[in-house]
Protein chains: 2
Amino acid sequence: MTSLFISILVSCTLTFFHTAEADTTPLPSWNAGSTKQSIVEFVEKVTKQGGPDFVPEAQRIATFDNDGNLWAEQPLYFQLIYAIDQVKKMAPDHPEWKTQEPFASVLKGDQKEVMASGKKGLMKILAATHANMTAEEFQANVAEWLKTAKHPKFNKPYNELVYQPMLELLQYLRANGFKTFIVSGGGVDFMRVFAEQTYGIPPDQVIGSSLKAKYEVRDGKPVIVKLPEINLIDDKEGKPVGIHQYIGQRPIFASGNSDGDYQMLEWTTAGSGPRFGLLLHHTDAKREWAYDRESHVGRADKALDDASKNGWTVIDMKNDWKTVFPFDQP
Amino acid sequence: MTSLFISILVSCTLTFFHTAEADTTPLPSWNAGSTKQSIVEFVEKVTKQGGPDFVPEAQRIATFDNDGNLWAEQPLYFQLIYAIDQVKKMAPDHPEWKTQEPFASVLKGDQKEVMASGKKGLMKILAATHANMTAEEFQANVAEWLKTAKHPKFNKPYNELVYQPMLELLQYLRANGFKTFIVSGGGVDFMRVFAEQTYGIPPDQVIGSSLKAKYEVRDGKPVIVKLPEINLIDDKEGKPVGIHQYIGQRPIFASGNSDGDYQMLEWTTAGSGPRFGLLLHHTDAKREWAYDRESHVGRADKALDDASKNGWTVIDMKNDWKTVFPFDQP
């Protein structure tokens, strides 16, 4: 009895110490190694008052891609899954969709045919599920979907498929005076529904692709109406443009995972003074997915080729991360 | 001698107490009265934890128009004066402007003729002075102008013609957990050059009219190029749209001075819960300017008509403000 008691006590004490350590060491879900070390060294040098690489707080801007970088993007971009789910939900009011592409393929569950409909087809799905409604109606739809929809592989709400090490990185940067932004090809109105609660990033620090909008007073009540016209495609060359329009200064830290992030990383790291480019390589087929050059989502080809030349730090998910998702944590 | 000494001492002590009081009482440059009182009451009720009107910090969004609201706008919008000054500076490289309108009128100093050239003429001036250059070149030009140009009436740099009571209001709101934004018809790239230093508002919290931009790599160096195409006119109906696109949530406090701010005030105060609309009426012909319904800048007509009906608080500059400009301070 006594030895069991002691053993429990020791085990509890060890757990206590383990937790205490995890709370004070930065980036606890990152394995020790050159990736983690280079991040910590960068943060320490830009925050060292009086040091040669010190950067004032007002210039500590960090930008993060979202899909495949803060949360997962397989088997399809989650926003596209949302759009497909919405088409199915709206179908009873649209009997014509049974024979109209790309809706017919969506309803049949023929993903390949949906993707084959190309940009034109996707714009039709986007217009049907993201436009011609007020911003408030759209937000309510997304919030409802996040509460009810489950990821096909993990059977968890989509906003639980976020990367624990990246949540820690966001917190670590903020604790060191950085202002953290999302700069994503995903829809800005879509991401703003969950970004604050999920990442601690307020709506005005979320930059994404957007539709045009108009303001009108309907029956005495002012509303913002989402229009079926593209305002900004916040991807590739669009990312530095989005950063310019929304943030108004060049980041000193950028984090992405695909060729869509190439220009954001390039724009960030080509500036003078200390700069950090971080590229997440999906190498973990067991805990997440392994994909890069040939992927239908988050293709990383040129970004991987040029990472070393451009001085970007590459995260090897399998080896650099102790934990992938929060629900995996011991 | 002794009595003079005591008199000096008393006077110093009184000055000391006066200063000490000014530092701790909110809004020292506002005269006591219903305007100041209604602002303070609003801030106190939305920050009162557990009170019926408490608003969490994340939702304490305050938006401010700039021209005629944070800084002056007479005799012309300062950005237009900048553009005119730039045309004059660039003229030696453009001999064709001597006969081309609206440039010829700008160079002759014929302001009336410049204004008569209308939207088309102003777009030509804008394209010549705001586009087809990199964002960094434009910023450098504006910074140089702010350092050298002087306001014709006050003979001070333009960014010293800011309203002391509004600087105090911005600080007061921020001290109470508000996030303060500029939402102006003025150019966003123009305002971002001075907004942080002048108002304590960082570039990403400045929303304004903007041109489209593109990203390109020139001789191995990435640049953002300003294009001669309108991206957003952040005025009238454009203000709630700008707020939606950039801030992503509805303000609870909005401050403006003209009909161009009507929709921002309407959008803000039509929301549920506690809301505050503030309209600055230029009534001080002596210390600033007196203008409203017939003005060529900052026209306030419908906004003044509907202020009472909409529950907006109107600032009477002459009577509500102890001081107008910081350089007027005793």
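Here is how names work: the chains are called A, B, and so on, in the same order as the sequence lines, proteins then strands, and each is numbered from 1.
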Engineer: Against chain B, label A/K214 side chain, backbone, both or neither, depending on which of its atoms sit under 4.5 Å from a heavy atom there.
Structural biologist: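 Just the backbone, heavy atoms under 4.5 Å.
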Engineer: Taking all atoms of both residues into account, what is the closest heavy-atom pair of A/Y215 and B/W267, and its distance?
Structural biologist: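 It is OH-N, 3.6 Å.
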Engineer: Once rounded to the nearest 0.5 Å, what's the spacing between atom CG of A/N231 and atom CG of B/L232?
Structural biologist: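 If I round to the nearest 0.5 Å, the distance is 8.0 Å.
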Engineer: Please look at A/P202 and chain B and tell me whether the side chain, the backbone, both or neither of the residue comes under 4.5 angstrom of a heavy atom of that chain.
Structural biologist: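 When you check distances to chain B, only side chain atoms of A/P202 fall under 4.5 Å.
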Engineer: Hey, mind stepping through B/Y246 and A/I207 against side chain to side chain contact (heavy atoms under 4.5 Å, CB included) and telling me if it holds?
Structural biologist: CA-CA 8 Å; B/Y246 285 75; A/I207 297 148; over 6 Å; no
Engineer: Evaluate the side chain to side chain contact (heavy atoms under 4.5 Å, CB included) criterion for residues B/R250 and A/E136: first the C-alpha distance (whole Å), next the side-chain angles of each, then the deciding distance (0.1 Å), finally the verdict.
Structural biologist: CA-CA 11 Å; B/R250 202 193 287 219; A/E136 285 180 1; 3.5 Å; yes
Engineer: Please find the pair of heavy atoms, one from B/I247 and one from A/P203, that lie closest to each other, and give the distance.
Structural biologist: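 In this case the closest contact between B/I247 and A/P203 is O-CB, 3.4 Å.
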Engineer: With a 4.5 angstrom heavy-atom cut-off, could you sort out which part of A/A213 is near chain B: side chain, backbone, both or neither?
Structural biologist: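 It is both, since atoms from each part get that close.
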Engineer: Within this structure, what is the CD-CD distance for the pair B/Q139 and A/Q249, rounded to the nearest 0.5 Å?
Structural biologist: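 One finds 9.5 Å between CD of B/Q139 and CD of A/Q249.
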Engineer: Considering heavy atoms only, which positions within residues 185-193 of chain A lie below 4.5 Å of chain B?
Structural biologist: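 If one takes a 4.5 Å heavy-atom cut-off, the residues of residues 185-193 of chain A near chain B are A/D189, A/R192.
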Engineer: Please test A/V217 against B/E266 for side chain to side chain contact (heavy atoms under 4.5 Å, CB included), starting from the C-alpha separation and ending with a verdict.
Structural biologist: CA-CA 10 Å; A/V217 180; B/E266 180 182 60; 3.6 Å; yes
Engineer: Is it true that a side-chain atom of B/Q245 and a backbone atom of A/L211 form a donor plus acceptor pair closer than 3.5 Å?
Structural biologist: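 A pair under 3.5 Å: yes.
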